[in-house]
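Remember, it's a predicted structure, so these values are computed and weren't measured experimentally. Letters go in sequence order (proteins before strands), and every chain restarts at 1.
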Amino acid sequence: MDTIKLAAALIPDGDLLPPEEYERIYPERERAPKAEVTRLAPSPTGFIHLGNLYSALADERSAHTTGGVFYLRIEDTDEKRKVDGAVESVIRSLKYFGIDFDEGAEIASPLNVYGPYYQRQRAKIYRAFVKRLIEQGRAYPCFCTEEQLNAVREEQTAGKKTTGYYGAYAKCRNLSETEIYDNLKAGKPYVIRLKSEGSIENKIAFRDAIKGEVTVTENDQDVVILKSDGIPTYHFAHAVDDHFMRTTLVIRGEEWLSSLPVHLELHKVLGFKPPRYAHTSSLMKMDGETKRKLSKRKDPELSLDYYRKAGYFPLAVVKYLMTLLNSDFEEWSLKNPDADWRSFKFRIEKMSRSGALFDLDKLNDVSKTEISKLSARECYEFLNGWVTEFGTPQDKAHFSDAEYIIKVLELIMGVGGKKRRKDIERAEQGVALIDYFFDDTFRPEYNYRYGKEIVNAVLDGFIAAYDPEDDNSVWFSKVKALAPAVGFASEMSEYKSAPEKFGGNVSDIAEILRIAVTGMPNSPDLCTIMRILGEERSLARLKAGKR
RNA sequence: GGCCUUGUGGUCAAGCGGUUAAGACGGAGCCCUCUCAAGGCUCAAUCCCGGGUUCGAUUCCCGGCAGGGUCACCA
């Protein structure tokens with residue numbers, strides 16, 4: 001068989017460079033020995049989910065803690081997956097969570113010498129290598145139709161054989177020269193397959209950066225490397241691109257582990273040294289009794305938009321993910337509460353081998369802790385950002401008065417102060433939390449635990465004594481003074497020593513006032529709340545609270 | 001089903017042959033306190049099972065069992 005002639009017939013492109021040329025065009029990067037070159041390589045659907053962010057974080061940290069490079073490559077070999085504006089959307093989504101690329105598609109950078117970063121634009125490179133493989137007799141055309149392939153698979157399944165295109169099932173592998181040219185002349189569509197030399201009898205010991213020693217079975221499948229549209233498959237593009245973009249560490253989901261043998265063989269046949277691989281376990285969730293991988297279709301919490309809409313603090317999502325990535329991150333954070341999270345020493349090797357269940361409780365805790373560290377103005381900015389995008393018209397109106405909101409945050413939530421409350425987990429809930437500071441969203445339910453007489457007596461008594469100038473202690477002494485008239489204890493100690501003698505105590509008096517003023521039995525410091533509301537509104541609410 | 005992979009409290013997990021088996025979230029309780037939140041303190045709760053190897057296994061080996069992944073001209 002004249003493979004040179006065959007290659008020219010199959011890949012007739014007249015403008016291909018000799019493959020060796022690419023070694024010169026894309027030379028080894030100049031980098032420190034330990035510096036890692038990593039990449040995020042999404043398909044251009046534009047849908048970036050939590051799993052992508054998790055993985056991107058591992059990539060970004062691996063590169064940037066070692067002084068390396070993190071770049072963006074777009075795997076657009078499947079036309080069907082393309083969505084307009086997707087690349088910008090990927091970059092924007094990651095930027096929202098503080099992740100920036102050094103190089104790559106749509107990234108303005110002097111480093112962009114390893115591009116193009118869209119696989120479709122790299123067709124010539126792939127085709128040059130496919131052509132060389134055909135010349136070397138390591139790849140061949142396959143004219144099998146989808147129907148034929150399906151029939152073979154069914155036969156294999158029925159006979160309990162391994163499915164796929166290999167060994168005796170690789171029909172087109174042994175096509176004669178005349179058969180090939182006849183098919184070509186007939187205009188039959190074809191793909192190019194790798195002529196695998198592997199055997200499933202052979203095991204390969206492989207070192208994964210996360211999983212450690214892994215044994216995989218050698219590939220014996222004649223996988224498709226060039227699709228009938230002349231575009232390579234993922235497997236082939238990965239080998240070529242990660243080699244010529246000089247990637248040192250490929251971090252990807254563990255669903256790729258099973259195709260590792262293919263990638264290893266491809267590197268070998270192309271004469272490339274494979275990069276280091278790190279296969280991450282996927283994020284799981286509970287589904288009834290069992291765990292399962294988070295799914296795009298079923299789980300809204302996989303979508304990054306979910307966190308934006310709910311108003312999670314982006315840094316909190318990142319920090320939570322960091323704790324899943326390197327579990328000692330949490331301990332480090334506790335010891336260094338004010339340190340920039342980026343100064344933590346992330347290492348890919350510390351990643352867990354098993355898949356973590358995504359824990360919203362934990363995320364909520366991280367989020368409220370992060371938000372509590374904000375200054376009142378920063379907190380306002382954050383909440384306002386959410387309100388602008390997702391808030392109701394009322395929220396927007398409230399937030400137009402920045403000074404009032406900041407005052408509320410400072411005094412009530414203790415934001416930015418020494419006594420930090422941790423009331424706000426998410427912007428959505430934080431915004432709702434201050435609804436009672438505005439008359440149009442103040443919707444009291446008046447669920448008093450005492451009867452009309454007591455409630456009215458307390459309220460009237462306080463109205464008579466109320467002075468907006470009172471400081472905290474005077475205010476409280478007035479609350480205490482209300483107790484005896486309704487048969488309540490004004491001192492807690494008094495009450496505790498003989499609860500049966502009283503109808504209630506000071507805290508119950510305060511509760512009645514609190515329900516009238518805030519509409520809720522629980523709230524931050526009531527005296528401060530009344531001061532913020534002002535005399536007029538406070539009095540109006542006290543009066544309206546009467547039964 | 002074949003192949004690969006994982007298995008420490010409810011969850012995330014430290015642990016690398018000898019430990020009272022860390023820590024965090026969540027839960028329970030106490031303290032503080034005008035309630036709530038926060039904070040402080042305390043408690044409950046874990047090595048999947050069975051065989052080996054060993055003076056000694058959560059740690060090493062084998063076998064089960066259970067979970068996960070994958071078997072495309074998708075990535």
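Here A:Ser281 lies out of heavy-atom contact (under 4.0 Å) with every strand. Counting any heavy atom pair closer than 4.0 Å across all strands shown, A:Lys422 reaches sugar-phosphate atoms only and no base atom. Among the atoms of the strands shown, only primed sugar atoms or phosphate atoms (P, OP1, OP2) are found under 4.0 Å from some heavy atom of A:Lys203. In this structure, A:Lys161 reaches neither bases nor backbone, as no heavy-atom distance under 4.0 Å exists between it and the strands shown. Nucleic acid contact class of A:Ser354 (heavy atoms, under 4.0 Å, all strands): sugar-phosphate only. Residue A:Asp220 is classed as having no contact, given no heavy-atom separation below 4.0 Å to the nucleic acid.
Which of B:U11, B:A24, B:G39 sits closest to the side chain of A:Leu357 comes down to B:U11. Considering only the side chain of A:Ser507, B:U35 comes nearest among B:G39, B:U33, B:U35.
Partners of A:Asp78 by salt bridge (Lys or Arg N to Asp or Glu O under 4.0 Å), not counting sequence neighbours, listed by chain and number: A:Lys80, A:Arg81.
Interface residues of residues 212-219 of chain A facing RNA chain B, ordered by number: A:Val214, A:Thr215, A:Thr217; criterion, heavy-atom separation under 4.0 Å.
Straight-line distance between the C1' atoms of B:U53 and B:A21: roughly 23 Å, to the nearest whole Å.
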>> How would you summarise protein contacts on nucleotides 63-75 of chain B per nucleotide, using B for base, S for sugar-phosphate only and - for none, with heavy-atom distances below 4.0 Å?
In response: ----SSSSSSBBB
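A salt bridge links A:Glu213 with A:Arg207: the distance from a Lys NZ or Arg NE/NH1/NH2 to an Asp or Glu carboxylate oxygen falls below 4.0 Å. Between A:Glu370 and A:Lys373 there is a salt bridge, since at least one side-chain N of the basic residue sits less than 4.0 Å from a carboxylate O of the acidic one.
In this structure, A:Gln148 contributes its side chain and A:Thr145 its backbone to a donor-acceptor pair below 3.5 Å.
Looking at A:Tyr320 and A:Ser367, their side chains never bring a donor and an acceptor atom within 3.5 Å of each other.
Using cut-offs of 30° and 60° for the angle between ring planes, the A:His263 and A:His235 rings count as tilted.
For the pairing with A:Asp328, the salt bridge (charged side-chain N to carboxylate O under 4.0 Å, His left out) check across A:Arg347, A:Lys350, A:Lys345 returns one residue only, A:Lys350.
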